Peer 1: 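I have a structure I would like to understand better, so I am pasting it below and will then ask my questions one at a time.
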Amino acid sequence: MIESVPEQRTLERKVSTMGFLKIHELCKVYGRGENQVAALDHVSLDIKRGEFTAIIGTSGSGKSTLLHAIGCVDVPTSGKIYLNGQDVYAQSSDKLAIFRRRQVGLIYQFHNLIPTLNVVENITLPILMDKRKVNQKRLSELLHLLGLEERKNHLPNQLSGGQQQRVAIGRALMNAPQVMLADEPTGSLDSKNGHEIIKLLKESNRIYGQTLLLVTHDESIALQADRIIGISDGRVVRDEKVVRS
Ligand SMILES: Nc1ncnc2c1ncn2[C@@H]1O[C@H](COP(=O)(O)OP(=O)(O)OP(=O)(O)O)[C@@H](O)[C@H]1O
Ligand SMILES: [Mg+2]
């Protein structure tokens, strides 16, 4: 009887880390002493494979911090993130860097393109950094999906804001990451270009079955998601499925 207790616990622990993307009691504290900010305060979430989740909340509520933690660009103070049952931050730093390049795609509001590289070079950069061969078929498919076939040799400063954002999406998609993280990807675009970008992200979510987490201030964009998560003061305060008639 006594021995069955730890066994039971092990089983429970296994079950609780299963699922696709599981965020468990995630905390991120910035600063020290009086300047301390709890940007994430015990956030727990279960995200299904292929789900499109919109994350909303006021400025400073912790949305970017959450995306950066999932995207492995900012280590959480405590808590766990599991992808396919794997404790993401338990990996060595080398493995974590590879994981970040291959499994997650991050898109920011300001696209961080390399100004001296053309469209194709920017899109394929993560593959080349990973010392892998570019899948030309996927590249052509992506350029078509992104409507950038005619612009593939252009430098970023020869492109419109919407086109630059599409290059950034292409770069994030090139590796076929399991999780796509988009932090206000339409924030610096006009409504037409913004609409196009959302359409594209939804397409890639549908075509490639990618899990999409998208931060937005725009309620009409959030309503296009499968699920809306609201964050306030680093906590999840809303979690709803979007019901479509
Ligand atoms: N590097 C940092 N150092 C100290 N505090 C930080 C840092 N990054 C974020 N914060 C603080 O953490 C909190 C959450 O920031 P975060 O960037 O996640 O907010 P956000 O919801 O993305 O806001 P916005 O909508 O304005 O982008 C804020 O109070 C912010 O000031
Ligand atoms: Mg932010």
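No hydrogens, no waters, no symmetry mates; every other heavy atom, side chains included, goes into these values. All values reported here derive from a predicted model rather than from experimental measurement. In each ligand, atom 1 is the first atom listed, and ligand 1 is the first ligand listed.
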Peer 1: Can a side-chain donor-acceptor contact be found between Gln91 and Gln86 if the only test is distance below 3.5 angstrom?
Peer 2: yes

Peer 1: Can you pull out the closest protein heavy atom to atom 17 (O) of ligand 1? Residue, atom name and distance to 0.1 Å, please.
Peer 2: Ser64 CB, 3.8 Å

Peer 1: Under a 4.0 angstrom heavy-atom cut-off, which atoms of ligand 1 come close to Glu184?
Peer 2: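 Those atoms are 25 (O), 27 (O).
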
Peer 1: Under 4.0 Å from a heavy atom of Ala39: give me the atoms of ligand 1 that qualify, with their elements.
Peer 2: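 So the atoms of ligand 1 that pass are 12 (O), 13 (C), 14 (C).
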
Peer 1: How close do Val73 and Arg100 get, counting heavy atoms only, and between which atoms?
Peer 2: CG1-CD, 3.8 Å

Peer 1: Considering only heavy atoms of Thr58, which atoms of ligand 1 have at least one such atom less than 4.0 Å away?
Peer 2: 21 (O)

Peer 1: Name the closest protein heavy atom to atom 26 (O) of ligand 1, giving the residue it belongs to and the distance to 0.1 Å.
Peer 2: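 That would be Ser59 OG, 2.6 Å.
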
Peer 1: With side chains defined as the heavy atoms from C-beta onward, is the minimum distance between Ile47 and Arg227 less than 4.5 Å?
Peer 2: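 Side-chain contact under 4.5 Å: yes.
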
Peer 1: Measuring to the Mg ion (ligand 2), does Ser64 have an N/O/S atom at a distance below 2.8 Å?
Peer 2: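 Checking the Mg ion (ligand 2) against Ser64, an N, O or S atom does fall under 2.8 Å.
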
Peer 1: To which of Ser232, Gly60, Ala38 does the heavy atom nearest atom 13 (C) of ligand 1 belong?
Peer 2: Gly60

Peer 1: Heavy-atom contacts with Val37 under 4.0 Å: which atoms of ligand 1 show up? List them by number with element.
Peer 2: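 Selected atoms, number and element: 12 (O), 29 (O).
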
Peer 1: With a 4.0 Å cut-off on heavy atoms, does His217 reach ligand 1?
Peer 2: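 The answer is yes, since His217 has a heavy atom less than 4.0 Å from ligand 1.
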
Peer 1: Can you find a protein heavy atom closer to atom 30 (C) of ligand 1 than 4.0 Å?
Peer 2: no

Peer 1: Counting from 1, what ligand 1 atoms have a heavy atom of Thr65 closer than 4.0 Å?
Peer 2: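 Here the atoms of ligand 1 in question are 14 (C), 15 (O), 16 (P), 18 (O).
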
Peer 1: Considering residues, nucleotides and ligands other than Glu150, do more than 12 of their heavy atoms fall under 6.0 Å from its CD?
Peer 2: no

Peer 1: With a sphere of 6.0 Å drawn around NE2 of His195, does it hold more than 12 non-hydrogen atoms of other residues, nucleotides or ligands?
Peer 2: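 Check fails, neighbour count at 12 or below.
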
Peer 1: Look only at interatomic distance and state if Gly31 has a nitrogen or oxygen under 3.5 Å from any nitrogen or oxygen of ligand 1.
Peer 2: no

Peer 1: With a cutoff of 4.0 Å, is Gly57 in contact with ligand 1, counting heavy atoms of the residue only?
Peer 2: no

Peer 1: Where the side chain of Thr77 meets the backbone of Val29, is there a donor-acceptor pair that is under 3.5 Å apart?
Peer 2: yes

Peer 1: For Thr211 versus Lys48, what's the shortest heavy-atom pair and its separation?
Peer 2: CG2-O, 3.6 Å

Peer 1: Could you check if a side-chain atom of Glu121 sits within less than 4.5 angstrom of a side-chain atom of Leu128, using non-hydrogen atoms only?
Peer 2: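 Side chain of Glu121 against side chain of Leu128, heavy atoms only: no contact under 4.5 Å found.
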
Peer 1: Spell out, as yes or no, whether a donor-acceptor pair under 3.5 Å connects the side chain of Asp41 to the backbone of Arg235.
Peer 2: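 No, the answer is negative, given that no donor and acceptor are paired below the 3.5 Å cut-off.
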
Peer 1: In this structure, are over 12 heavy atoms from other groups packed under 6.0 Å from Asp226 atom CG?
Peer 2: yes

Peer 1: I need the nearest protein heavy-atom contact for atom 11 (C) of ligand 1: residue, atom name and distance, please.
Peer 2: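 Protein heavy atom at minimum distance: Tyr30 CD1, 3.9 Å.
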
Peer 1: Should one rank His68, Lys63, Gln36 by closest heavy-atom distance to atom 25 (O) of ligand 1, which comes out on top?
Peer 2: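 The nearest heavy atom belongs to Lys63.
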
